Asker: 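Please find one structure pasted underneath; my questions will follow.
Here, residue 1 is the first one in the sequence, and each next residue gets the next number. Please read these numbers as outputs of a predicted model, since none were measured by experiment. Each ligand, and each atom within it, is numbered from 1 in the order the structure gives.
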Amino acid sequence: MNPIHPDDSLCYLNGEYLPLSGARIPVLDRGFIFGDGVYEVVPVYHKRAFRLEPHLDRLQRSLAQVRIDNPHTRDEWRAIIDRLVRSSTPVDLAVYVQVTRGVARRDFAFPRNVTPTVFAMASALTRPSAAQRDAGLRTISVPDARWLRCDIKSVSLLPNILAKQAARESGAYEAWFVDKDGNVTEGGSTNAWIVTKDGELVTRQLSNSILGGITRRSLVKLAADAQIKVVERPFSLEEARGAREAFLTSTTSFVTPITKIDGKPVGTGKPGAVAARLRELYYGYMGSPEPGAA
Ligand code: PDD
């Protein structure tokens, strides 16, 4: 077996289902050469894709923004994801879907008559552990050095990679990007939230500066339904440091408290009640019991 792919699960590549270890793309694929492609990560709980339609909507939007024709209909996407889920052993999965502009001689402008490359795989969902949830995560702050279209789920992720690596090297889970005005945009792969001293639940408003997270969207609605007021506005790093609570959201991180920013405690330094309540609401919405829940 190829040691690069010890996981030999089934994947989808350009119309075929084959073991991940056997999947190959040509080196001139524009995803490899330019990072010219977009992706999605769809959560699957107990073998059921969760919020699949908003994920497929966002994929469609990302593709349209970079002017790649969607290579599949909704039904085809559903069938691909379904087949990968059925062939996987773990019941909780993250299905990764990537579409690149395709294979062509290297030239920056779009090639003519090129067929997009489509790849999808299902991996076991690795979520923050019960210990991480109970203790809270640490985040560091880094300047937001990304481009001005962070609303597109592009596979060009170098600034995110560098930020997440800096986090890992300092023992943190996440890195929060800070814009030139000193405001937090989002995390390297998560959306950022705080609960202010006045009990206001705050997350940055949708714009080109952040990815419109599907988990973020679910939570805005769940909070509103539970009469918890959400204010969508920028917040500074200082405000976050002085907040009562902080937490992050994503498909793979759910709703997880942050108890330290740049080594300094947020609020009491312990996970807060609002994040715990929202997490509970989110698990209720998922219809899936939280692993390790009391
Ligand atoms: N990341 N912001 C960024 C930059 C992200 O990459 C992600 C998702 C999110 C949260 O979006 P959602 O709630 O739809 O997962 C916010 C995925 C999980 C990833 O790249 O692996």
Asker: Near Gly188, which atoms of ligand 1 are under 4.0 Å from a heavy atom of that residue?
Answerer: 4 (C)

Asker: How far is atom 17 (C) of ligand 1 from its nearest protein heavy atom, and which residue and atom is that?
Answerer: Lys153 NZ, 3.5 Å

Asker: Among all protein heavy atoms, pick the one closest to atom 15 (O) of ligand 1 and tell me residue, atom and distance.
Answerer: Thr251 OG1, 2.7 Å

Asker: Under the 3.5 angstrom rule, does the side chain of Thr203 hit a backbone N or O of Glu232 as a donor-acceptor pair?
Answerer: no

Asker: Need the ligand 1 atom indices (1-based, order shown) with element for anything under 4.0 Å from a heavy-atom of Glu186.
Answerer: 2 (N), 3 (C), 4 (C), 16 (C)

Asker: Considering only heavy atoms of Tyr39, which atoms of ligand 1 have at least one such atom less than 4.0 Å away?
Answerer: 6 (O), 19 (C), 20 (O)

Asker: Looking at Phe119 versus Tyr12, is the centre-to-centre ring distance below 6.0 Å?
Answerer: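 Centroid separation for Phe119 and Tyr12: 6.0 Å or greater.
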
Asker: To the nearest 0.1 Å, how far is atom 13 (O) of ligand 1 from its closest protein heavy atom, and which atom is that?
Answerer: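 Checking every protein heavy atom, the shortest distance to atom 13 (O) of ligand 1 gives Thr215 OG1, 2.6 Å.
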
Asker: Hey, is ligand 1 close enough to Arg216 that some N/O pair sits below 3.5 Å?
Answerer: no

Asker: Out of Glu40, Gln60, Lys153, which residue meets the side chain to side chain donor-acceptor pair (under 3.5 Å) rule with His55?
Answerer: Glu40

Asker: Short list, please: which atoms of ligand 1 are under 4.0 Å from a heavy atom of Val41?
Answerer: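 Ligand 1 atoms under the 4.0 Å threshold to Val41: 19 (C), 21 (O).
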
Asker: So, using side chain to side chain donor-acceptor pair (under 3.5 Å) as the criterion, who are the partners of Arg233 when residues are at least two apart?
Answerer: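 Testing Arg233 for side chain to side chain donor-acceptor pair (under 3.5 Å), a comparison that skips the adjacent residues, returns Glu200, Glu239.
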
Asker: Note the single closest protein heavy atom to atom 18 (C) of ligand 1, along with its residue, its atom name and the distance in Å.
Answerer: Thr252 OG1, 3.9 Å

Asker: Run the numbers for me: atoms of ligand 1, each under 4.0 Å from some heavy atom of Asn191, listed by number.
Answerer: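 So the atoms of ligand 1 that pass are 10 (C), 16 (C).
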
Asker: Ignoring hydrogens and geometry, is there a side-chain-to-backbone donor-acceptor pair from Arg146 to Ser209 under 3.5 Å?
Answerer: yes

Asker: So, Asp179 and Thr185: side-chain donor and acceptor under 3.5 Å apart, yes or no?
Answerer: no

Asker: Any donor and acceptor pair, going by atom type alone, linking the side chain of Lys47 with main-chain N or O of Ser88 inside 3.5 Å?
Answerer: yes

Asker: If you measure only the distance, is there a donor-acceptor pair under 3.5 Å linking the side chains of Asp8 and Ser21?
Answerer: yes

Asker: In ligand 1, which numbered atoms sit nearer than 4.0 Å to a non-hydrogen atom of Gly213?
Answerer: 11 (O), 12 (P), 13 (O), 14 (O)

Asker: Could you give me the CA-CA distance, side-chain angles and deciding distance for Phe254 and Tyr45, then say whether ring pair (Phe, Tyr, Trp, His ring centres under 6.0 Å) is met?
Answerer: CA-CA 12 Å; Phe254 305 90; Tyr45 307 126; 5.6 Å; yes

Asker: Please work out whether any backbone atom (N, CA, C, O) or any side-chain heavy atom from C-beta onward of Ile210 is under 4.0 Å from ligand 1, and answer side chain, backbone, both or neither.
Answerer: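 Neither part.
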
Asker: May I ask you to check if ligand 1 and Leu211 share an N or O to N or O distance below 3.5 Å?
Answerer: no

Asker: Among all protein heavy atoms, pick out the one at the shortest distance from atom 7 (C) of ligand 1; state its residue, atom name and that distance to 0.1 Å.
Answerer: Ser189 O, 3.2 Å

Asker: Only counting residues at least two apart or in another chain, list the ones meeting side chain to side chain donor-acceptor pair (under 3.5 Å) with Glu16.
Answerer: none

Asker: Does ligand 1 have any atom that is closer than 4.0 Å to a heavy atom of Arg217?
Answerer: no

